[in-house]
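To start, the structure under review is shown below, and the notes come after it.
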Amino acid sequence: MGELRPLGDDLTDTSRALAQALRELFEGMEVSVRRYAARRRRDPGTFSRYLNGTRLPPWQVVMDLFADLAEHRGTAVTTETIEFVRGLYGSAVDAGSSPKHAVEILEQQLADADRVSRRSTVRGDVLGDALLDRTHRIADLEVRLNQLEADRSAERERADRLAAAHPDVSDLLQERNALEAEVSRLGRELREAREQRAAAEARCHLLERQLEAVEQQHAAPALALPTTLPSVDSGRSSTSGSGSDSGALPKILIVDDQPDNLLAMRAVLETLDQDLVTVSSGREALKALLDHDDFAVIIMDVQMPEMDGYETCAHIKRRPRTRDVPIIFLTAMGVDPEHSARGYAAGAVDYISKPFDPWALRAKVAVFTSIYLERHADR
């Protein structure tokens with residue numbers, strides 16, 4: 001065809017392996033780069049860079065190649081081939097990021113959670129002191145009121161009659177009532193501060209485990225990448241990839257209205273031993289949770305049409321069967337305190353920002369899966 005240049009010597013092993021596989025798929029269609037780009041309404045220069053290994057394509061581009069090759073040959077691409085290329089793609093995604101970046105993300109989240117914990121502790125101490133002061137003042141007022149009652153009569157009388165006989169009693173009663181109302185308010189705020197601290201401490205614990213998971217992933221020996229693409233026209237056929245046998249594998253629910261995001265997350269998480277279930281709306285997520293109640297974790301986009309992540313999360317938390325399933329919010333709105341606080345208030349236990357870091361996402365999912373397995377092992 002004369003349009004594909006030889007692969008450069010400066011490519012990484014992962015980029016080279018993926019590019020070789022994509023070129024083999026593309027060449028099987030016997031069409032020029034320009035013609036195929038026009039067919040798919042893509043820029044020919046960009047598509048050429050995908051095939052040359054200098055740019056990582058969206059996973060949808062790879063899926064389109066599978067579908068177009070199947071149409072050209074009249075035979076579906078095998079599941080073996082799809083999983084082979086998916087593995088190469090996941091390795092290329094990993095190579096494009098680094099454990100160091102994931103560690104930076106998780107350490108920043110750990111610092112944020114630690115800050116919330118410390119502030120909640122200080123606030124709790126202040127509220128506790130104020131509550132103790134008001135309680136002592138109420139006790140002093142009760143002593144003074146009892147003394148006034150004893151002076152009036154050995155038999156206890158109604159408060160309104162006592163106030164009529166002793167005008168200063170009315171002021172004491174009002175002060176006591178005001179202090180009791182303040183004690184009630186301080187008590188609520190103290191409980192909220194303690195709950196906030198407990199939640200922040202739990203997040204710190206989770207994030208420390210996630211950092212350990214990244215270190216373990218990075219320390220695992222890299223597998224040699226295969227260089228031969230499996231047959232694309234024999235064996236059991238599929239065009240979407242079905243993942244591993246779901247048997248006893250923990251289920252992960254991924255909720256996002258963007259197909260590219262679903263495909264990208266599936267490609268990143270396929271390396272873990274989990275059964276991935278993907279849906280494109282909050283309503284589909286609720287239906288999936290009705291069909292299955294054994295999900296280890298839910299990864300949910302915040303910004304979705306009709307029913308956003310916050311509303312979907314609220315529905316999940318209201319159901320006794322699903323209220324304890326941990327939810328990771330995936331958000332493109334940033335991870336500033338306002339958005340993260342709203343996510344935690346809605347019931348999420350973790351969050352990650354778009355574009356997501358594959359190492360960080362895998363670490364979070366791996367930790368929640370481990371917790372799920374630990375709980376079920378104790379049953």
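When reading the values below, keep in mind they use all heavy atoms of this one structure, side chains included, and skip hydrogens, waters and symmetry mates. Note that the numbering runs from 1 along the sequence shown for the chain.
At a threshold of 4.5 Å between non-hydrogen side-chain atoms, the residues F26 and L65 count as touching. The shortest side-chain heavy-atom distance between V214 and L106 falls under the 4.5 Å cut-off. No side-chain heavy atom of M29 sits less than 4.5 Å from a side-chain heavy atom of R73. Side-chain contact between I316 and L286: present, with at least one pair of heavy atoms (C-beta onward) separated by less than 4.5 Å. Proximity of V365 to I252: side-chain heavy atoms (C-beta onward) are separated by under 4.5 Å at one or more points. Under the 4.5 Å side-chain criterion, counting only non-hydrogen atoms from C-beta, W359 is not in contact with K100. Using a 4.5 Å cut-off on side-chain heavy atoms (C-beta onward), L173 and L141 make no contact. Side-chain atoms of D350 and V297, non-hydrogen and from C-beta on, never get closer than 4.5 Å to each other.
A salt bridge links E374 with R209: the distance from a Lys NZ or Arg NE/NH1/NH2 to an Asp or Glu carboxylate oxygen falls below 4.0 Å. Salt bridge annotation for R42-D64: present, with a cationic side-chain nitrogen under 4.0 angstrom from a carboxylate oxygen. R185 has a carboxylate O that lies under 4.0 Å from a charged side-chain N of E189, or vice versa, which qualifies the two as a salt bridge. Between R115 and D112 there is a salt bridge, since at least one side-chain N of the basic residue sits less than 4.0 Å from a carboxylate O of the acidic one. For R266 and E270, the salt-bridge test passes: some basic side-chain N is under 4.0 Å from an acidic carboxylate O. Residues D114 and R118 are paired through a salt bridge, judged by an N-O separation under 4.0 Å between the basic side chain and the carboxylate.
The distance from atom NZ of K251 to atom CD of Q274, rounded to the nearest 0.5 Å, is 12.0 Å. Here C313 contributes atom SG and R323 contributes atom CZ; the two are 13.0 Å apart, rounded to the nearest 0.5 Å. The CD1 atom of I82 sits 11.0 Å away from atom CD of E80, with the distance rounded to the nearest 0.5 Å. The CD atom of E306 sits 6.0 Å away from atom CZ of R283, with the distance rounded to the nearest 0.5 Å. Here CG of N261 is found 11.5 Å from CD of Q60. Values are rounded to the nearest 0.5 Å. Rounded to the nearest 0.5 angstrom, L207 CG and Q108 CD are separated by 11.0 Å.
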* Asked: Run the side chain to side chain contact (heavy atoms under 4.5 Å, CB included) check on L206 and F368 step by step: do they pass?
  -> CA-CA 8 Å; L206 283 172; F368 284 113; 3.8 Å; yes
* Asked: What do the steps show when you test I299 against D256 for side chain to side chain contact (heavy atoms under 4.5 Å, CB included), and what is the final call?
  -> CA-CA 8 Å; I299 306 170; D256 199 305; over 6 Å; no
* Full working for ring pair (Phe, Tyr, Trp, His ring centres under 6.0 Å) between F329 and Y310 -> CA-CA 9 Å; F329 270 158; Y310 298 126; 5.5 Å; yes
* To do: Dump the intermediate steps for salt bridge (charged side-chain N to carboxylate O under 4.0 Å, His left out) on D68 and R40, then the final yes or no.
  => CA-CA 10 Å; D68 294 337; R40 280 292 179 178; 2.9 Å; yes
* Apply side chain to side chain contact (heavy atoms under 4.5 Å, CB included) to the pair L290 and R319, showing each step before the final yes or no. => CA-CA 10 Å; L290 284 176; R319 294 177 177 176; 3.7 Å; yes
* To do: Could you check R123 against L190 for side chain to side chain contact (heavy atoms under 4.5 Å, CB included), going step by step and ending with a plain yes or no?
  => CA-CA 8 Å; R123 178 165 173 73; L190 180 58; over 6 Å; no
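Counting heavy atoms of neighbouring residues, nucleotides and ligands inside a 6.0 Å radius, atom CD of E71 does not exceed 12 of them. For H205, the NE2 atom sits in a loose shell: 12 or fewer heavy atoms of surrounding residues, nucleotides or ligands are nearer than 6.0 Å. The local environment of CZ in R23 is crowded, with over 12 non-hydrogen atoms from other residues, nucleotides or ligands closer than 6.0 Å.
Looking at K317, its side chain never comes within 3.5 Å of a backbone N or O of A348 through a donor-acceptor pair. R16 places a side-chain N or O within 3.5 Å of a backbone atom of G8 that can act as its donor or acceptor partner. A donor-acceptor contact shorter than 3.5 Å links the side chain of Q109 to the backbone of Y351. Side-chain atoms of Q196 never come within 3.5 Å of backbone atoms of E192 as a donor-acceptor pair (strictly under, hydrogens ignored). Checked by atom type and distance alone, the side chain of S48 never pairs as donor or acceptor with a backbone atom of P44 at under 3.5 Å. No donor-acceptor distance shorter than 3.5 angstrom exists from the side chain of N52 to the backbone of T54, with no hydrogens or angles considered. At least one donor-acceptor pair closer than 3.5 Å links the side chain of Y372 to the backbone N or O of D294. Between the side chain of Y89 and the backbone N or O of P57, at least one donor-acceptor pair lies under 3.5 Å.
Counting Ile, Leu, Val, Met, Phe, Trp and Tyr side chains that sit under 4.5 Å apart, directly or through other members, L11 shares a hydrophobic cluster with L7.
Cluster annotation: V62 is connected to L69 through the hydrophobic network of ILVMFWY side chains, with a link wherever side-chain heavy atoms come within less than 4.5 Å. Following chains of ILVMFWY side-chain contacts shorter than 4.5 Å, one cannot reach L110 starting from V116, and the two form parts of different hydrophobic clusters. I105 and F356 end up in different hydrophobic clusters when Ile, Leu, Val, Met, Phe, Trp and Tyr side chains are linked at under 4.5 Å.
No hydrogens or angles considered: nothing links the side chains of Q303 and D257 as a donor-acceptor pair under 3.5 Å. For the residue pair R197 and T121, a side-chain donor N or O sits within less than 3.5 Å of a side-chain acceptor on the partner. When only modelled atom types and interatomic distance are considered, S15 and T12 share a side-chain donor-acceptor pair under 3.5 Å.
When every heavy atom of D324 is checked against every heavy atom of R375, the shortest pair comes out as O-NH1, 4.5 Å. Of all heavy-atom pairs spanning S117 and E201, the tightest one is OG-OE2, 2.6 Å. Considering all non-hydrogen atoms of both residues, Y50 and P58 come closest at OH-CD, 3.5 Å. Closest heavy-atom contact between L330 and D301: O-OD1, 3.1 Å. Considering every non-hydrogen atom in both A193 and S120, the closest pair reads O-CB, 3.6 Å. Scanning both residues, V77 and A70, for their nearest heavy atoms gives N-CB, 4.1 Å.
Residues satisfying the side chain to side chain donor-acceptor pair (under 3.5 Å) criterion with S281, sequence neighbours excluded, are absent altogether. Under the rule for a side-chain contact (heavy atoms from CB on, under 4.5 Å), the partners of D133 that lie at least two apart in sequence or sit in another chain are R137.
Between Y36 and F47, the ring-plane angle classifies as tilted under the 30° and 60° cut-offs.
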